[in-house]
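Every number for a ligand or one of its atoms is a count from 1 in the order of the listing. Here the structure is a predicted model, which is why all the values come from computation and not from measurement.
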Amino acid sequence: MKHLPELHSQFDLSEARIDRGQLVERRLSDLAGCFEDEDSFAKSLAKGNPLIYQVSSQEPGNGLGDMHFGIGMLMPGRIGDEYYLTKGHLHESREAAEVYICLSGTGAMLLEHEQTGDVQLVPMTSHSFVYVPGYTAHRTVNTGIEPLRYIGVYPANAGHDYQTIAKRGFRHRVVATTDGPQLLLRESHS
Ligand code: F6R
Ligand code: ZN
């Protein structure tokens, strides 16, 4: 059976790109304010401005019931003891959930419910799903030594609210310890 071209897309796992995808790249400088240790952030930035993560996504339609999806790749590394992370966001349509499909690498999804403050650190390992419920801020961290690759699928009307996170920040952070990754309260959280 011949696929309609706009309904079928190939993705390149190693490069984390989808055919016809829109590419967003986030470098270290784009993550100002996301890490607790500002001195380590400034020192790292003085040495260079590496790519921290990228997302290649498709938005096939914006009608009721449509879906958007993207493949992300988050590099391994740390600022001080804090693992490389995505900016993190709430969905503009707060009720919109999302499904992540973890493809390769080792990491975790930091989830904080906007109203109840409930927090969870959900493992992201290859061949696993993470369900992100609505009303929940979500941020991906790479706790491993290889790029973390995943696919996210979400309702077309989800939208991305970065401002609430930029203003309030996450209340927790994920740090490296001798016992492995640990969830700590962020000291600077207001
Ligand atoms: C989409 C979604 C992911 C993220 C990606 C990058 O709703 O959750 O595709 O967009 O992990 O993270 P942010 O968007 O927080 O920079
Ligand atoms: Zn999302």
Side-chain angles (χ1 to χ4, degrees), residues 9 11-13 15-18 20-35 49-62 65-77 79 82-114 119-126 128-144 146-174 186:
S9 4
F11 66 87
D12 181 316
L13 177 60
E15 297 291 319
R17 304 251 181 138
I18 314 181
R20 307 183 302 284
Q22 296 171 324
L23 185 69
V24 172
E25 292 184 327
R26 300 285 184 214
R27 295 191 169 269
L28 188 59
S29 58
D30 298 315
L31 296 173
C34 292
F35 296 97
N49 192 15
L51 178 75
I52 306 296
Y53 65 96
Q54 64 173 54
V55 185
S56 167
S57 58
Q58 269 196 32
E59 302 185 352
N62 283 306
D66 278 328
M67 308 286 286
H68 292 173
F69 50 93
I71 179 167
M73 175 164 66
L74 173 59
M75 298 307 181
I79 297 296
E82 195 169 359
Y83 294 107
Y84 279 1
L85 43 71
T86 59
K87 281 187 170 200
H89 58 266
L90 285 149
H91 290 152
E92 268 166 33
S93 300
R94 292 292 197 265
E95 71 283 0
E98 179 163 359
V99 173
Y100 276 70
I101 302 151
C102 311
L103 304 172
S104 71
T106 308
M109 175 82 69
L110 175 59
L111 297 175
E112 288 184 359
H113 192 281
E114 188 178 25
V119 60
Q120 280 198 65
L121 189 62
V122 184
M124 288 179 78
T125 49
S126 70
S128 67
F129 289 90
V130 176
Y131 183 70
V132 178
Y135 304 92
T136 306
H138 44 292
R139 160 176 281 169
T140 307
V141 296
N142 187 337
T143 59
E146 291 167 13
L148 177 68
R149 298 182 180 87
Y150 54 88
I151 285 172
V153 184
Y154 44 98
N157 72 346
H160 294 94
D161 172 5
Y162 293 103
Q163 277 199 322
T164 303
I165 296 301
K167 260 190 254 150
R168 277 202 345 217
F170 277 75
R171 286 181 305 113
H172 297 81
R173 63 197 189 105
V174 186
R186 190 174 285 283

Quick one: look up the protein heavy atom nearest atom 2 (C) of ligand 1 and list residue, atom name and how far away it is.
Glu98 OE2, 2.9 Å
Closest non-hydrogen protein atom to atom 12 (O) of ligand 1, residue and atom name please, with distance?
Thr86 CB, 3.5 Å
For atom 16 (O) of ligand 1, what is the closest protein heavy atom, and at what distance to 0.1 Å?
Tyr53 OH, 2.5 Å
Taking N or O atoms only and a 3.5 Å limit, does Arg26 qualify as a polar contact for ligand 1?
no
Looking only at distance, does Tyr100 have an N or O less than 3.5 Å from an N or O of ligand 1?
yes
Angle subtended at the Zn ion (ligand 2) by His138 NE2 and Glu98 OE1, to the nearest 10 degrees, is 100°
protein heavy-atom neighbour closest to atom 11 (O) of ligand 1 works out as Tyr150 OH, 2.6 Å
Using 2.8 Å as the threshold, say whether any N, O or S atom from His160 sits that close to the Zn ion (ligand 2).
no
Geometry at the Zn ion (ligand 2) - His91 NE2 versus His89 NE2 angle, rounded to 10 degrees
100°
Does an N or O from Gly152, backbone or side chain, lie closer than 3.5 Å to an N or O of ligand 1?
no
Show your working on side chain to side chain donor-acceptor pair (under 3.5 Å) between His91 and Asn157 and close with a plain yes or no.
CA-CA 9 Å; His91 290 152; Asn157 72 346; over 6 Å; no
Going by the order shown, which atoms of ligand 1 are within less than 4.0 Å of some heavy atom of Val55?
5 (C), 6 (C)
Could an N or O of ligand 1 be found under 3.5 Å from any N or O of His91, whether backbone or side chain?
yes
